[in-house]
Amino acid sequence: GFLGWFGRAEPEIKRDMDAAHGQVRVMTVHGAKGLEANIVILADTCDLPHPAQEPSILFAGLHEIPFWKLRKPFRVPVITALEEEARGRTAEEMKRLLYVALTRARHRLYIAGHCSKAEPDPKTWYAMIRSALGGTFGALDANCQDALGNPAWRHQASGGPHPGDKPRLDRLALDAVAPPDWAGRAAAPTASRAPRARPSRLAESLDATGQAAASPAPRSGRRFARGVLIHRLLELLPPLAEDRRADFAGRFLDRHGGDLAAPERQAILAAAMQVLGHPDLAPLFAADSLGEVPLLAKIEVTGRTIEISGQIDRLSVTPTAVFIADYKSDRNPPTRLEEVDRAYIRQLAAYRAALLQIYPDRPLRAALVWTEGPTIMEIPEALLDEVAGSRQ
């Protein structure tokens, strides 16, 4: 069933690997197909396919008759012959992959290997490359060593072919090259980075110096389980047709909130449906709006720059305005702005500061949505600015 589903799917695979972006890319040979880099390092060319990876079933003839590969004492000649054919195909595939690996470099190709034996197996890439170079260009010199004292060789094309010329072997030379000084020194330790702050716990994430500290562990308990269920419903229900939402929500709560009593599940369902149907929140649930939007940004808090990582409950971006909302499932929501927990307002202020870097030309509305009711409380811009610059 899984293979049938996967075969019918039409996935769109996006790969932004053509630009190096000044980074070291670590990938398999299969993943490197079609790519190039100025410098390519084949990090380990001394490995062979592990026997455990060999197929347990061998196929013979045009009709691909399957043969089970028995243990050695019971292998009849036909199975032995099929096994040799399979190994030959594996060896040819290894050579094709080697060709791909050798042709990824524009300017320099470094071939390295780690071998527990004195000499690598003749079937390894390392042995094949060394044999080919030695056989074509003469004996390789071993008077150069790497940082660990191992022999190293260099093959360099002196000059370059003239336009229209075919490669000439007499232009190629082998030179020993000494490793640079830094190759023998230990790498400097990586500088540690400050942990990212969570907008929902921004005050708790600032230490005495104002720098971001480790975020506290997420809260747990029955109250917060209820809030999680409401959040999930408000994320999953908007894309569904209105006549399907109640049925879907009921099945979702039966599966994920089965430990709650039936009246509690009904209350959660009613709260979610009331939020979705509230006229003041219509822009937040338009067709092009987004739910549970991840956000990573650097913002100014109390005069310092900190990095935050959070998730906006609901986001609507239009050509004229940006509207964000954060759901709160408090049983007894406040009725006045002065009664709202400052941490809630500080969270919205952090989201607003990040989004203003993306949409500086548009007004940004921020609101708290109390699912109990529901009640919508829009936070004034002046208060958001004040909270962002204060640690109170």
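Both backbone and side-chain heavy atoms feed into the values below; hydrogens, waters and symmetry mates do not.
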Given the rule in the side chain to side chain donor-acceptor pair (under 3.5 Å) test, do Arg346 and Tyr344 qualify, once you have shown the distances and angles that lead to the verdict? CA-CA 5 Å; Arg346 192 179 291 109; Tyr344 293 169; over 6 Å; no

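- Taking 4.5 Å as the limit, some side-chain heavy atom of Leu355 sits within range of a side-chain heavy atom of Ile312.
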Is there a salt bridge (Lys or Arg N to Asp or Glu O under 4.0 Å) between Glu36 and Arg106? Walk through the geometry before answering. CA-CA 7 Å; Glu36 279 189 332; Arg106 292 192 187 97; 3.3 Å; yes

Step by step, work out the side chain to side chain donor-acceptor pair (under 3.5 Å) result for Ser289 and Arg314. CA-CA 7 Å; Ser289 63; Arg314 201 73 195 175; 3.0 Å; yes

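- A single hydrophobic cluster is not seen to contain both Ile41 and Leu97; linkage of ILVMFWY side chains at heavy-atom distances under 4.5 Å, directly or through other members, places them apart.
- Between Lys123 and Met128, the closest heavy-atom pair is O-CE, 3.7 Å.
- Contact annotation: the side chain of Leu383 approaches that of Glu386 to within less than 4.5 Å [non-hydrogen atoms, C-beta and beyond].
- With hydrogens and angles ignored, the 3.5 Å screen pairs no side-chain donor or acceptor of Trp125 with any backbone N or O of Leu42.
- When hydrophobic clusters are built by joining Ile, Leu, Val, Met, Phe, Trp and Tyr residues whose side-chain heavy atoms come closer than 4.5 Å, directly or via intermediates, Ile111 is grouped together with Leu48.
- The two atoms that bring Leu237 and Arg245 nearest to each other are O-NE, 3.2 Å, heavy atoms only.
- Scanning for ring pair (Phe, Tyr, Trp, His ring centres under 6.0 Å) contacts around Phe252 gives His256, with sequence neighbours left out.
- A single hydrophobic cluster is not seen to contain both Ile39 and Leu109; linkage of ILVMFWY side chains at heavy-atom distances under 4.5 Å, directly or through other members, places them apart.
- With sequence neighbours left out, the side chain to side chain donor-acceptor pair (under 3.5 Å) criterion links Arg365 to Glu378.
- Taking 4.5 Å as the limit, some side-chain heavy atom of Gln347 sits within range of a side-chain heavy atom of Asp326.
- By the rule that hydrophobic residues join a cluster once side-chain heavy atoms approach within less than 4.5 Å of another member, Leu384 and Ile358 end up as members of one cluster.
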